[in-house]
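Atoms within a ligand are numbered from 1 in the order they appear, just like the ligands themselves.
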Amino acid sequence: MRFLVLGQGGREHAIVRALKFSPSVTEIHASPGSDGISQEAICHKIDLNDEKALAEFVKRYQFDCVVVGPEAYLVAGVSDRLRALGVPTVGPSQAAAQLEGSKIFAKEFMVQAGIPTAAFEVVDNVADTLRAAQKFTPPYVLKADGLAAGKGVFLCPTLPELKAAAEALFEKKALGQACARALLEQFQPGYEISYLILTNGEGHEVLPLSQDHKRLRDGDEGPNTGGMGVVGPLHIDEALRRQIEEKIVQPSVRHLGGSGLLYRGVLYIGLMITPSGPTVIEYNARFGDPEAQVILPLLDGDWGYVFAKLARGEMTEMKWKNLQMACVVMAAAGYPENPEKGVAIEGDLGAQTPSSYFLHAGTAKTGGQWVCDGGRVLNAVGMGTSRADALKAAYGQARQATWRGMRMRSDIGAKI
Ligand code: AMP
Ligand code: GLY
């Protein structure tokens, strides 16, 4: 089968790599891809908003399946456009992608489906935010409605900090018009789990559970980022798993079907496990980045086959390897606020062992030299029969490259 992967980051490189190891896949294309991805896939620069160019492109290559990586494409309706052109596509419809594209839509969906989630108020100005805050206990959680590339959540320990966040959002329009409204919600204490499923809106398959590390620095300090590292699979006790399935996952899938929202893809359920049970923090309409980097290699099977069936609305029973995975994100100087691009990467990016390798998240090659070209630059991936071995492999891999100001956490997986 001939595959097309849309996107350009570490997640998309991981998808390309998973397809490379799929016996059913004969040809892999990517758009836009990257210099790193072009080592394993044929890269094209297609403007997905140019309907004519997209139609000509898919007609020329006759893809058997397209996998859409980034949320922005889904929210812009790329999977609908591809399906209208007759191309089997893994990715929810634009309507369903609002589960990620609008936090207010997602909350309304959860309320309708009876899914446990933090109490909330919708706010759109500073005065209302401060008034609504009376109903909640600190720290205050203010979440911009629209897509904000991981920058839309403000955790505010005090009212003055909440006021400053609301002013940034509503008056200075720091995140633009898509974030003209916001949710103020009750802080949920507990620990987070990334619970990802594949679903066709009727059935679902649970992917290995993983844990992301969102804060920039060791000990969960510093600003929130897109994710600095992941370990998985996590094993949780059966009672908790049953609770998550019955109270959250099954009602989510049922309500997707019941609302007539076309869904063929990954539903990422961000859970907080609180002392009074699991609650939903967020939905994402796609694989997590870097969660995908540890989940994809764990399939004991053929991702090409699984994706191609899902793109036609059919589920496949999945089996998983009995291995542990770790992914350590190596980020640019200045990440997440202001990543420094163009810095030369020293070391051997082709270095690998039977249990570790690099994925390219934000690199470029200029004049034969690899340079930083994004916030998250490289992913060092490791595997092993224990979590300790997986982490050792990933950190060993990470030592094979460095650059000026490189940022990396040294405590991925240490807390679990
Ligand atoms: P989100 O973009 O919704 O995933 O939020 C980013 C991060 O903020 C989450 O991964 C949590 O660590 C934190 N967060 C979001 N909502 C809450 C909440 N209600 N209570 C506690 N932490 C939260
Ligand atoms: N790693 C978090 C996310 O992909 O949203």
Side-chain angles (χ1 to χ4, degrees), residues 7 9-12 14-15 69-72 74-75 97 99-107 110 115-121 133 135-157 162 165 175 179 182-196 207 209-216 220-232 265-276 278-296 327-329 331 335-336 361 375-376 379 409 412 415:
R11 166 183 50 208
E12 288 75 22
I15 295 171
E71 58 274 22
L74 296 165
V75 170
L99 281 178
E100 175 161 10
S102 164
K103 298 220 185 248
I104 297 171
F105 178 91
K107 276 288 193 189
M110 288 182 239
I115 291 165
T117 186
F120 68 99
E121 286 270 330
K135 296 186 198 153
F136 302 101
T137 50
Y140 303 101
V141 184
L142 186 66
K143 292 186 173 179
D145 183 45
L147 288 185
K151 293 187 186 129
V153 177
F154 302 88
L155 286 180
C156 311
L162 176 63
L175 297 173
C179 300
L183 289 174
L184 184 65
E185 68 173 41
Q186 182 54 54
F187 180 80
Q188 306 285 289
Y191 62 93
E192 287 177 63
I193 295 181
S194 306
Y195 201 101
L196 280 72
L207 304 180
L209 307 192
S210 57
Q211 192 164 57
D212 191 9
H213 296 60
K214 288 224 172 83
R215 299 298 200 96
L216 179 67
D220 284 336
E221 292 189 3
N224 258 325
T225 70
M228 293 300 291
V230 172
V231 290
V266 178
L267 179 64
Y268 171 137
I269 310 177
L271 295 174
M272 185 67 82
I273 312 300
T274 75
S276 50
T279 66
V280 176
I281 291 281
E282 61 164 349
Y283 287 118
N284 294 319
R286 42 136 187 115
F287 274 113
D289 185 347
E291 285 89 337
Q293 287 83 317
V294 307
I295 291 172
L296 288 160
C327 172
V328 176
V329 171
Y335 180 72
R376 294 182 289 180
N379 301 150
R409 278 181 63 159
I412 300 302
K415 212 173 61 176

Check ion pair R286-E71 (N to O, under 4.0 angstrom): yes
Going by the order shown, which atoms of ligand 1 are within less than 4.0 Å of some heavy atom of M272? 21 (C), 22 (N)
Decide, yes or no, whether a salt bridge links K214 with D220 under the criterion of side-chain N to carboxylate O below 4.0 Å. no
Going by the atom numbers of ligand 2, which of them fall below 4.0 Å from some non-hydrogen atom of E291? 1 (N), 2 (C), 4 (O)
Using a 4.5 Å cut-off on heavy atoms from C-beta on, say whether the side chain of I295 contacts that of L196. yes
Less than 4.5 Å apart, side chain to side chain, heavy atoms only: is that true for M110 and P116? no
Of all the atoms in ligand 2, which lie at a distance below 4.0 Å from a heavy atom belonging to G288? 4 (O)
Protein contact to atom 6 (C) of ligand 1 [nearest heavy atom, distance to 0.1 Å]: V153 CG2, 3.8 Å
For ligand 2, is there an atom lying under 4.0 Å from some heavy atom of P290? yes
Ligand-residue contact atoms, ligand 2 with G226, heavy atoms, under 4.0 Å: 1 (N), 2 (C)
Going through the checks in order, is the side-chain hydrogen bond (donor to acceptor under 3.5 Å, both in side chains) test met by T117 and K107? CA-CA 8 Å; T117 186; K107 276 288 193 189; 2.7 Å; yes
Do S194 and Q211 meet the criterion of a side-chain donor-acceptor pair at a distance under 3.5 Å? no
Numbered atoms of ligand 2 (with element) below 4.0 Å of R286, judged on heavy atoms: 3 (C), 4 (O), 5 (O)
For ligand 1, note which part of K103 has a heavy atom under 4.0 Å away: side chain, backbone, both or neither. side chain
So among M228, R376, H213, which one has a side-chain contact (heavy atoms from CB on, under 4.5 Å) with P290? R376
Can you list the ligand 1 atoms lying under 4.0 Å from a non-hydrogen atom of Q186? 19 (N)
Minimum side-chain heavy-atom gap V280-Y195 below 4.5 Å: no
As an exercise, identify every atom of ligand 1 less than 4.0 angstrom from a heavy atom of E185. 16 (N), 17 (C), 18 (C), 19 (N)
Out of K151, Q188, K214, the nearest non-hydrogen contact to atom 20 (N) of ligand 1 is supplied by Q188
So, is R11 polar-close to ligand 2, with some N/O to N/O distance under 3.5 Å? no
Is any side-chain heavy atom of L147 closer than 4.5 Å to a side-chain heavy atom of E100? yes
Taking atom 12 (O) of ligand 1 as the point of reference, which of E282, K143, E192 owns the nearest heavy atom? E192
Under a 3.5 Å threshold, yes or no: a donor from one side chain and an acceptor from the other, between E291 and S210? no
So is Y268 in contact with ligand 2, going by heavy-atom distances below 4.0 Å? yes
Ligand 2 to N284, heavy atom cutoff 4.0 Å, flagged ligand atoms 5 (O)
Only heavy atoms of D212, strictly under 4.0 Å: list the atoms of ligand 2 that pass. 1 (N), 2 (C)
In terms of residue, atom name and distance, what is the protein heavy atom nearest to atom 7 (C) of ligand 1? N224 ND2, 3.9 Å
Within the structure provided, determine whether L184 and F120 are in side-chain contact (heavy-atom separation under 4.5 Å). no
Close N or O approach (D289, ligand 2; < 3.5 Å): yes
Going by heavy atoms in the side chains, are L216 and P223 under 4.5 Å from each other? yes
Could you tell me the residue and atom name of the protein heavy atom closest to atom 23 (C) of ligand 1, and the distance to it rounded to 0.1 Å? I281 CD1, 4.0 Å
Any N or O of E282 that comes nearer than 3.5 Å to an N or O of ligand 2? no
